[in-house]
2 protein chains.
Amino acid sequence: MSIKLSIVEDQKDIREMLEALFKGSSNIQFQKSFADAESALNELPDLNSEVVLVDIQLPGKTGIDLIKQLSESMQSTQFIVCSSIEDSETIFEALRAGANGYILKSETPSKLVESVYEVQNGGSPISTQIARKVIGSFKDKEVPSSDWKNLSNREKEILDLLSKGFRYKEVAIKLFISTDTVRTHIRNIYEKLQVNSRTEALNKVYPRN
Amino acid sequence: MSIKLSIVEDQKDIREMLEALFKGSSNIQFQKSFADAESALNELPDLNSEVVLVDIQLPGKTGIDLIKQLSESMQSTQFIVCSSIEDSETIFEALRAGANGYILKSETPSKLVESVYEVQNGGSPISTQIARKVIGSFKDKEVPSSDWKNLSNREKEILDLLSKGFRYKEVAIKLFISTDTVRTHIRNIYEKLQVNSRTEALNKVYPRN
DNA sequence: AGACAAATCACATCTTTATGTGATCTATTG
DNA sequence: CAATAGATCACATAAAGATGTGATTTGTCT
């Protein structure tokens with residue numbers, strides 16, 4: 001079973017290098033290469049490629065936009081970004097756009113070929129430097145803001161209920177205390193967090209990116 | 001420069017296999033292996049290992065808890081999870097706990113060794129199957145909830161400001177409309193979302209995991 | 001023993017939000 | 001053209017939230 005593969009890469013020398021590489025690889029059926037997003041957008045849907053290698057920096061529309069558009073119509077196609085960009089935001093955007101892999105151009109040819117096999121086998125090939133950035137984004141998430149650490153257990157409990165949208169009265173019932181006590185806790189929470197509304201407190205403690 | 005390495009793995013046969021593997025690898029200085037989290041917790045801080053390979057399923061405390069505790073005191077040490085668990089939640093927890101890599105036990109010995117080198121070079125070795133789960137968590141994030149899509153542009157604009165903690169009056173000023181209009185929009189938003197408070201609306205449209 | 005943080009409750013006041021019931025104007029669409 | 005959705009504004013009321021100023025109790029830490 002050979003894998004139908006196309007590539008989108010504007011730099012002629014790299015494109016031809018990749019072409020030669022994949023044409024010479026077993027189990028890969030090289031289909032076509034494109035030098036820009038527009039032509040890829042037109043022709044790729046008809047090719048039914050199983051895997052598409054996409055560069056990000058393209059003339060005009062970026063590879064990320066290309067993936068975003070194509071991945072909606074070509075659900076069974078896997079897109080691998082092949083770029084030298086290591087910027088976190090770019091990486092995240094590409095992954096959100098629908099990329100199933102992100103490998104650096106600096107990888108060895110054999111790794112590039114292997115990536116194609118891997119993505120077809122249900123894996124997501126990612127260069128380790130890229131993976132580090134991706135993993136980094138996880139860590140931030142659970143870094144309890146110093147604000148949060150300064151809250152007492154009871155205060156955390158109450159703020160947690162507030163975050164779920166409960167009213168003071170409901171919190172009071174849940175915790176078997178009076179709503180006046182809930183108020184007091186919330187007043188103290190606000191003071192510790194230096195805010196003065198529920199939403200501000202939540203944004204401070206559970207930031208949404 | 002050989003890398004100081006320790007491992008935490010309760011299964012004797014696997015532990016001895018890994019030991020043999022790394023003892024026979026160049027540029028790796030095998031230090032010690034542990035069969036449970038407790039002994040690792042006691043002795044590892046003194047070993048100053050540069051890389052520690054950690055299994056998740058251990059008797060008593062899990063490898064995740066171990067990493068969580070150790071990574072606080074051993075900032076310059078890199079932890080790689082080596083497990084057969086492919087469950088998304090476990091993966092995320094491990095990464096949040098401080099793991100810098102997550103490889104499956106099914107990887108070939110040479111990949112295991114390579115992972116140690118990679119993590120020391122600033123990369124994050126991740127098995128491609130694991131990477132797929134990690135990437136998957138990115139995609140969900142930008143899936144606009146159907147609720148969100150049903151809001152008009154103006155409504156989205158207003159809800160966005162509400163999410164930042166602005167009061168009706170402030171929203172009104174920002175958008176050059178009256179606070180009564182803001183109220184009306186919010187009433188309509190709540191009706192579309194089937195909620196009846198700011199926090200509920202935000203939780204519906206921007207869920208926090 | 002004294003200071004301090006945490007948890008509990010009370011009362012008062014003022015602001016913000018939520019909800020009900022209108023209305024006008026503009027596009028868009030069947 | 002009529003219906004519908006969107007954006008705008010108004011007035012009114014009730015509920016929820018924020019703020020100020022108290023107080024008591026129970027721990028913990030020095």
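Model, not experiment: these values are computed from the prediction. Scope of the values below: all heavy atoms of this structure, side chains included, with no hydrogens, waters or symmetry mates. To find a chain, count down the sequence lines: A is the first, B the second, and so on, and within it residues start at 1.
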Heavy-atom count check: over 12 atoms from other residues, nucleotides or ligands less than 6.0 Å from Q57(B) CD?
no
Rounded to the nearest angstrom, tell me the gap between atom CG in N188(B) and atom C1' in dT21(C).
13 Å
Does any donor-acceptor pair link the side chain of R187(B) with the base of dT21(C) at a separation under 3.5 Å?
yes
E155(B) CD to dG6(D) P, straight-line distance once rounded to whole Å
6 Å
Mind calculating the distance between CD1 (I186(B)) and P (dA7(D)) to the nearest angstrom?
13 Å
Before accepting this row, confirm whether a basic side-chain N of the pair K192(A)/E155(A) lies closer than 4.0 Å to the acidic partner's carboxylate O.
yes
Nearest-angstrom distance from the residue atom CD1 of I177(B) to C1' of dC25(C):
15 Å
With the threshold set at 4.0 Å, does a side-chain nitrogen-carboxylate oxygen contact exist between E118(B) and R132(A)?
no
Please state whether the phosphate of dC9(C), meaning OP1 or OP2, lies under 4.0 angstrom from any side-chain nitrogen or oxygen of T181(A).
yes
Atom-to-atom span, NZ of K149(A) to C1' of dA5(C) - whole angstrom:
18 Å
Using a heavy-atom cut-off of 4.0 Å across all strands, would you classify S178(A) as base, sugar-phosphate, or nothing?
sugar-phosphate
Expressed as a whole number of angstroms, how long is the span from D180(B):CG to dA10(D):C1'?
5 Å
Any ion pair linking D55(B) and R15(B) (charged N to carboxylate O, less than 4.0 Å)?
no
Which word best sums up how the rings of W148(A) and Y206(A) line up, parallel for under 30°, tilted for 30 to 60°, or perpendicular for over 60°?
tilted
Tell me which of K169(A) and L151(B) sits closer to the 5' end of DNA chain D, going by the nucleotide each one is nearest to.
L151(B)
Are E38(A) and K61(A) within salt-bridge range, i.e. N to O under 4.0 Å?
no
Selection: residues 189-204 of chain B, any non-hydrogen atom under 4.0 Å of DNA chain D:
K192(B)
With a 4.0 Å limit, can you tell me whether R154(B) has a side-chain N or O closer than that to the phosphate oxygens OP1/OP2 of dT8(D)?
yes
Please confirm whether the shortest side-chain N or O distance from R183(A) to OP1 or OP2 of dT19(D) is below 4.0 Å.
no
Would you compute the distance between atom CG of L161(B) and atom CG of L175(B) and round it to the nearest 0.5 angstrom?
5.5 Å
Between H185(A) and dT8(C), is there a contact of a side-chain N or O with OP1 or OP2 at under 4.0 Å?
yes
Distance in angstrom units between R167(B) CZ and dC14(C) P, rounded
17 Å
Please report the distance, rounded to the nearest Å, between CG in N153(A) and P in dA6(C).
10 Å
